[in-house]
Q: 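After the structure tokens below, expect a handful of questions from me.
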Amino acid sequence: MISNKELANIIFPDIKETIEDLEKRYPARKLPEGAEVTRFAPSPTGFLHTGSLFTSMICRKVASQTGGIFYIRLEDTDTKREIQGSGEQLLSQLKIFNVIPDEGYLGDHEEGNYGPYIQSKRADLYKVAIKYLIEKGRAYPCFCTPEELDEIRKEQEKNKLNPGYYGEFARCRFLSNDMAKEKIENGEPFVIRFRSNGNHLNKIMVHDLVHGDFEIAQNDQDIVIYKGDGLPTYHFAHCVDDHFMRTTTVIRGEEWISSLPIHVELFEAMGWKAPKYAHLPVIMKIDETTGNKRKLSKRKDNEAAVSYFIEDGYPAEALIMYLMTIANTNFEEWILNNKFEGMQDFTFSFDKMCLDGALFDTGKLNFFAREIIGKMSRKEVIERASAYSKEFKPELYELIKRNPDFFGDIMYIEKDKENPRKDYEKFGDLIERIGFFYEEKYDALLENPLPFNEKATKEDIIEILEALKADLSLEQDEQSWFNNMKEIAVKHGYAGNRGEYKANPEAFKGLVGDVAEILRITLSGRKNSPNLYYVMRILGKKECDRRIDKVISLLK
Ligand code: GLU
């Protein structure tokens, strides 16, 4: 009978390199003690999931804070699921969030000595490793057809047995090398399977940096490691790559925990030390219809795709900082104490990870985003809003470009106060929030009825607007301006303060606040606006008067 070695040579006649050769080609990295080598290993299936941004941000952080290396590997062995161009897109989205790899697949090129970093370009490396396993008797060709596999599955279902290709069900495991050779020579299609030595009734102890030590059933499946298309499956590719790319810690989503027994056994069979593992909690949200927690779903939830936050104009650092609050329970307090200055000095730790599926909280993200936009200098707001709108909101871009200073004035209202206002969380809704400052946007608002309080009669509104137009000066400080408005209000039958009004409500048309509201709605078309004094100063007397005249003529 032919030996394993001969069988391996029949299957991979062109593979001359050995594991030792590869060990030499990819030597241990020269890094300081404690330095972690981490990687983000996306599959190019179309979009960057928020959970993947979460993972890659942590990979970046762990490598940075230990003086290690963070690299990117493109896992494109599942050619059926691949979407052309999505690898580049992933990289450009990561860049927006400042998750920049030190080496690896960088979109249009690769950098680093441990490549290629695209799995489909590593086919020969995997073959070296698979050939080695065949020689050792830990892998074998499997010729089972889909029909045969179906038959096995049905039999297992009937007898209520674990599904899969293992033990006695692993038919091809029992083929002699001679029979395998004959089938190969007859041109029968085959895959290569791992020969597991495990038994699912036995437990193994594994260590995870997030979950600690736990027991899990041993692997007993003879999984496919090499597909008919010449490429390996994820499980095997990950093992070869993380070994030869010298990854020290594999950080990935919790959905991979169940594959850990397979990975542990593959590393053992190869005679390699497995990396450390950190399985991160999945990001959840409360389902609006059921009220239950569930995973962020790419079909149902906008928040599942990072592109949503980019397109909506959230400042990228707000999402990253928000994700860090999901990652480490002590981060929120830290960033508040550090006044949202950035998180380089924060030390991430796996022990402070919350285990029970972190909930995505848009309210908190918005709070973070308001803080971040609130902190931006006037120049930065102008630049960032322009860059964003140029790509995603041409209408806003035109407005900013027309007069960047005017836009800066609007965004900077009450920003130089001790407690600056923090009104905006994203650039995507600026048109809606500040569009009224622009004449044509304001005029368009007048096509719909203005939201005046029903209590105010047309006549009263007209009367007070005419008085304000004539007597309210903008050439004074805020307090004097307010007093000025109060005097006008009182003169026209409004109470100057709440006490007076309460004592005798019938005697008044309303309060000075009602006058301010009439003026605000007249000038902005809306009930809420930034501080009216500044709104008026930015608009200028002439434009305020034009708006008052327009509203009066509409009311008449
Ligand atoms: N390609 C795998 C995925 O996209 C990577 C898992 C891992 O990080 O090992 O989920």
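Order of listing sets the numbers, starting from 1, for every ligand and every atom in it.
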Q: Do me a favour and list the nearest non-hydrogen protein atom to atom 8 (O) of ligand 1 with residue, atom name and distance?
A: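 Going atom by atom, the protein heavy atom closest to atom 8 (O) of ligand 1 ends up being Arg39 NH1, 2.8 Å.
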
Q: Do Leu90 and Phe47 touch side chain to side chain, with heavy atoms closer than 4.5 Å?
A: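 No, their side chains stay 4.5 Å or more apart.
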
Q: State if Glu255 counts as touching ligand 1 under the rule of any non-hydrogen atom under 4.0 Å.
A: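 Glu255: no contact with ligand 1 (<4.0 Å).
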
Q: Would you check if Met245 and Val37 make a side-chain contact, meaning some heavy-atom pair closer than 4.5 Å?
A: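 In short, these two side chains do not touch, never coming nearer than 4.5 Å.
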
Q: Indicate the ring-plane relationship of Tyr314 and Tyr308, choosing parallel, tilted or perpendicular according to the 30° and 60° boundaries.
A: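 Rings of Tyr314 and Tyr308: tilted, as their planes differ by 30° to 60°.
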
Q: Below 4.0 angstrom from a heavy atom of Glu75, which ligand 1 atoms are there? Numbered from 1 as shown, please.
A: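 Near Glu75, the atoms of ligand 1 are 1 (N), 2 (C), 5 (C).
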
Q: Would you mind reporting whether Asn113 and Tyr26 have side-chain heavy atoms less than 4.5 Å apart?
A: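 No, too far: nothing below the 4.5 Å cut-off.
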
Q: Quick one: look at Phe40 and ligand 1, take heavy-atom pairs under 4.0 Å, and tell me if it's side chain, backbone, both or neither.
A: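 Answer for Phe40: neither.
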
Q: What protein heavy atom sits nearest atom 9 (O) of ligand 1, and how far away is it?
A: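 The closest one turns out to be Tyr234 OH, 2.4 Å.
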
Q: Go through ligand 1 atom by atom and flag the ones less than 4.0 Å from a non-hydrogen atom of Arg252.
A: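 Matching atoms, with element in brackets: 7 (C), 8 (O), 9 (O).
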
Q: What protein heavy atom sits nearest atom 4 (O) of ligand 1, and how far off is it?
A: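 Answer, as residue, atom name and distance: Ser43 OG, 3.3 Å.
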
Q: Just need the protein heavy atom nearest to atom 3 (C) of ligand 1, so name the residue and atom and give the distance.
A: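 Among all protein heavy atoms, the one nearest atom 3 (C) of ligand 1 is Ala41 O, 3.9 Å.
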
Q: Can you confirm whether more than 12 heavy atoms, excluding those of Lys136, are under 6.0 Å from its NZ atom?
A: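 Atom NZ in Lys136 is crowded, with more than 12 foreign heavy atoms closer than 6.0 Å.
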
Q: Name the orientation class of the two ring planes belonging to Phe360 and Tyr322 (parallel below 30°, tilted from 30 to 60°, perpendicular beyond 60°).
A: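 The rings of Phe360 and Tyr322 stand perpendicular, inter-plane angle above 60°.
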
